[in-house]
Amino acid sequence: MVLLFLALLAPLSAARALDAIRITPQSEAIDLLPAIQTYQSREDRLEIQTARDANGIVRRIEVQAREAGARPRWIAFALQNDSNETIERVLVAPRFKLAGSGVFWPDLASVRIEAITASHGFRPEREEGTEADLFAITLEPGAIVTFVAELRGSRLPELTLWDPEVYKDKLNALTLYRGIVTGIAGLLAIFLTIVLTLRAAMIFPASAALAWSVLVYLGIDFGFIGRFFALRPEVENIYRAGAEAVLGGTLLVFLFAYLNLNRWHARYGHITLVWLGLLGALIALSSIDPSVASGIARISMAVIAVIGFVLIVYLAFHRYDRAMMLVPTWFLLLVWVGGAALVVSGQVTNDVAAPALLGGLVLIVLMIAFTVMQNVFSSGAVISGAVPDAERKALAFVGGGDLLFDWDVSDDHMHLSPELEMHLGLERGTLDGRASVLINVIHPADRDRYRAALDAMIEQKRGRIGQDFRLMARDGSTVWYRLKARPVVNRDGEVIRIVGSLLDVTAVHTTQDRLLHDAIHDHLTGLPNRRLLLDRLETSLINARHGGAGARKPVLILLDIDRFKQVNESVGVSAGDIILLTIARRLARVVRPGDTLARISGDSFALVVLSEQEPQRVVALADLVRRAVSTPITHGERQIYLTGSVGVALLDETSLNDKEAFIRNAELAAIHAKRTGRDRVEIYRGSMRNTPHDRFSLSNDLRRAIERNELEVQFQPIVRLEDRSIAGFEALIRWNHPRLGRLPPGEFISIAEESGLIVDIGLFVLETTARELSAWQQSLVVDPPIFASVNVSSRQLIRQDILQDLKNVLLRHPCARGSLKLEITETLVMENPEYAAQILEKARELGVGLALDDFGTGFSSLSYLQRFPFDTLKIDQSFVRHDETGKRPLILRSIVGLAQDLGMDIVAEGAESEADTVELFQLGCQFAQGYVFGAAISIDQARKLIGLSSAA
């Protein structure tokens, strides 16, 4: 039976006897790990061989586990006392050792040794210890004792036999060091907490929280908290893992707050919140599996240190002051993380490594506190002086009607006038907060400009902002505001505030948008005008030229309403406008995606077609355009019947490179349709160019007329009614056509406007008139000086170069101020009143006189008369001539009285008899022109009329 029992225990026993470790009274500390043997039992007991005694005898001992049925791990070692005195030692097995604890699933074991059994002699007694398992061991003289220890876990990182006095001295020295380090950490935490009373910025609670988390971590690692709260070793490990997670979280919060990472982009805040949520989850995980939670927290802290250092270096290269101040501290943190990795991975295991690592952590907090205080003093030095000054200026802005803009850069707090929230329909306090709050209401297209403007001011530490941004109201509308701001700089040259004002400039941008829209759109129908049509036609031609065989070729359809002038005269101008709007809406329903519909003149529309390529389908589309006009239009109780002549131009080799030729082809086709019966569709053919006197031929002849000097400027006299003297002239253009003879303006001005030649013709008239007027005034000294008027067309008025043309003409031909007058019709002014007012005001500043022509024939005359800087009022001849009863219109007297009240000169047109002149003078008209004083005359005749020779 004994043999059978030994056979069953054989697998659990050591195969060899233990070698005893010699202990002398002079030995202070002996590392026992190299001499131990490890066993894994299959039952709750273990039988091993002891070390050989002095007689060389090996015995067996059996030990029982403390818990029945357990299968723990065991270690065994033997000690030998060769001296003649009793030796007392302390066996020390540290419960937690930072060195070698590991990164992934670190070793956080609370108790290493459950119990120790001696083969003979004194039984090892457990002593009280919070940081290690301590057992008192006594060795009699000459004794060789084998010890078997039952382990709690699977690891035993350190097992040392200490002299009791030496171990006590070591503990005292280590306790003193820990006390000093803990005291410094506590002072830092208290100091940074007190700093919170100075400034309420997020950076200060973040740094204080980091300091307190380091203090708590040191208290747990040093065992102070465990002793104070009498924590069990197993519970203390939960606190240790949680403290590491809190340390990583507070480090992340400090980095986020110090660098103001959410200043412009809310996503940085979202990333940080998610990261903090994960670290918060680790605290909960600590109570379930402290080892896993501690490992994730250590990895997270290393990632924070590396990513933070890359971010800080990036911002420092972009001259962000806070980042540059944090570079040394974060570099030290990166070094600390590298050292910690070496220690916990077991590559550095000496006794100094762990205390030095914890001391380095306190040093990092000390440097962070120094950096924070440096920020406090550098930004707070000018608070007492600069901030009140900024507030006074903000109050001045409010008094002037502007809204206050005040951004505290150091605290990242923005204050805006509450009126802005009211204007945008937001709740009170919505925009009071961080700078990123305002970003949310700025139009997405303007956010980058807003951020770049403020960032540039912070980086350059100087300059001014004067930019317009769109803010989005609660109802979805957009409001334009102009931000004008400047930085407030402290003594160290850092920007601590940006103060300025916000002004609602929506009306300005609305006007600009309207001017831009009106420049390329028809003011009545809202359709693209000729300019925009030419631009889109040019684009389609470019695509056709360079797009290859598969490119879509444009087709041009031109509609000319038949006899619209007669219809307009019969139903009135207002009804004519309604008819045009109705036709425009009908044509818009015909237009397909990719096509362009435009109004190119009063009664002409053009359609650039890209949606159809086959000729038959193009003709069918053109017929739809024709039928859109021929369908009766109801106006009041009347049915108005119209027809339209439609010309279709297909792309050919000539028009492929010339958009003007393309349009001329469509015009010729429409003219041919009109001449062959109207209300029909004609496709352009080359034979149509042989028609002798069509608009196309006149357009070409007019283009050559400028080059051949066929145009002549004539002057119609304007007489001063008081003494019947010549006061001035109105310049009129005539065309001496080589085949058709002298043509009046009515036969070619419309062609000149459609072809764009009106600009060159207008400049020719202006140059000729100014040259003659300058010569007259130099040779004829009268007071007031003689004047001359020049008519201005719509094409000339909308050109940006008109002011430069006027300036150049007056430089070449100096005239008395206000004597060179521009005559502008009321209808032309009202096409775009805002733009016209700007152009006319600038023209007046150049010294040009302004005359309102055909007054009373347009609309809104009286309400807009004071808005424009006119100095002369020309009364239309329809108000001067007698009606059917032989009386003049009663409104004539009212017009004269109105002009006199406004201090304007009055020129009456259409004076045909001496009786007219007398009555006009009696009404108060200063000047008159008409056939009673003569028709338009040549330049030589005008010189003779005012008493100068032809050579003058």
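All of these numbers come straight from a predicted model, not from anything done at the bench. Both backbone and side-chain heavy atoms feed into the values below; hydrogens, waters and symmetry mates do not.
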**Prompt:** Between Met301 and Leu247, does a side-chain contact (heavy atoms from CB on, under 4.5 Å) hold up when you go through it step by step?
**Reply:** CA-CA 8 Å; Met301 192 178 303; Leu247 183 60; 3.6 Å; yes

**Prompt:** Asp82 and Thr24: side-chain contact (heavy atoms from CB on, under 4.5 Å), yes or no, with the steps?
**Reply:** CA-CA 7 Å; Asp82 290 337; Thr24 64; over 6 Å; no

**Request:** Kindly determine whether Leu161 and Ile137 satisfy side-chain contact (heavy atoms from CB on, under 4.5 Å), including the steps that lead there.
**Result:** CA-CA 9 Å; Leu161 193 66; Ile137 293 179; 4.2 Å; yes

**Item:** Check against side-chain contact (heavy atoms from CB on, under 4.5 Å), Arg155 and Arg112
**Value:** CA-CA 8 Å; Arg155 298 187 61 183; Arg112 301 292 185 180; 4.2 Å; yes

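A distance of 8.0 Å separates CD1 in Ile144 from NE2 in His120, rounded to the nearest 0.5 Å. How far CG of Leu79 is from CZ of Arg22: 12.0 Å, rounded to the nearest 0.5 Å. Within the model, atoms CG of Leu332 and CZ of Phe309 stand 11.0 Å from one another, a figure rounded to the nearest 0.5 Å. With values rounded to the nearest 0.5 angstrom, Ile184 atom CD1 is found 9.5 Å from Leu363 atom CG. Considering NZ of Lys168 and OG1 of Thr175, their distance stands at 12.0 Å, rounded to 0.5 Å. Taking CZ of Phe331 as the start and CE of Met367 as the end, the distance is 10.5 Å to the nearest 0.5 Å.
In this structure, the side chain of Thr193 engages the main chain of Ala189 through a donor-acceptor pair within 3.5 Å. Between the Asn172 side chain and the Leu176 main chain, no donor and acceptor come within less than 3.5 Å of each other. Distance alone, capped at 3.5 Å, places no donor-acceptor pair between the Tyr167 side chain and the Val90 backbone. Using a distance-only test at 3.5 Å, with no hydrogens or angles considered, a donor-acceptor pair links the side chain of Asn81 to the main chain of Glu140. The backbone N or O of Glu28 lies less than 3.5 Å from no partner atom in the side chain of Trp162, so there is not a single donor-acceptor pair.
Two residues are said to be in side-chain contact when any heavy atoms from C-beta on lie closer than 4.5 Å; Leu151 and Pro72 fail this criterion. Looking only at side-chain heavy atoms (C-beta outward), Ser213 and Val216 stay at 4.5 Å or farther from each other. Using a 4.5 Å heavy-atom threshold, the side chains of Leu32 and Leu91 count as touching. Two residues are said to be in side-chain contact when any heavy atoms from C-beta on lie closer than 4.5 Å; Phe135 and Val92 fail this criterion. Between Glu47 and Ile61, the closest side-chain pair of non-hydrogen atoms is not below 4.5 Å. With a 4.5 Å cut-off on side-chain heavy atoms, Leu18 and Thr50 do not count as touching. Side-chain contact between Asp163 and Arg89: present, with at least one pair of heavy atoms (C-beta onward) separated by less than 4.5 Å. Between Tyr217 and Leu358, the closest side-chain pair of non-hydrogen atoms falls below 4.5 Å.
A pairwise comparison of heavy atoms in Arg71 and Arg42 identifies CD-O, 2.9 Å as the closest pair. Summarising the geometry of Leu192 relative to Ser207, their closest heavy-atom pair is CD1-O, 3.6 Å, with the distance given to 0.1 Å. In this structure, Ala29 and Thr160 approach most closely via the heavy-atom pair CB-CG2, 4.2 Å. The nearest pair of heavy atoms linking Pro157 to Leu33 is O-CD1, 3.1 Å. Of all heavy-atom pairs between Ala209 and Thr250, the closest is O-CG2, 3.8 Å. Residues Ile364 and Leu333 approach most closely at CD1-CA, 3.6 Å, considering heavy atoms.
Ring-centre distance between Tyr39 and Trp74: not below the 6.0 Å cut-off.
For Gln64, the CD atom is densely surrounded, since the number of other residues' heavy atoms within 6.0 Å is greater than 12.
In this pair, Phe77 and Phe147 present their aromatic rings parallel. The plane angle is below 30°, not in the 30 to 60° band.
A salt bridge does not link Arg66 with Glu150: every distance from a Lys NZ or Arg NE/NH1/NH2 to an Asp or Glu carboxylate oxygen is 4.0 Å or more.
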Please output the side-chain donor-acceptor pairs of residues 121-128 that fall under 3.5 Å, not counting sequence neighbours, one pair per line with the distance.
unit_1, atom_1, unit_2, atom_2, d
Arg126, NH1, Asp133, OD1, 3.4
Arg126, NH2, Ile113, O, 2.5
Arg126, NH2, Glu114, O, 2.8

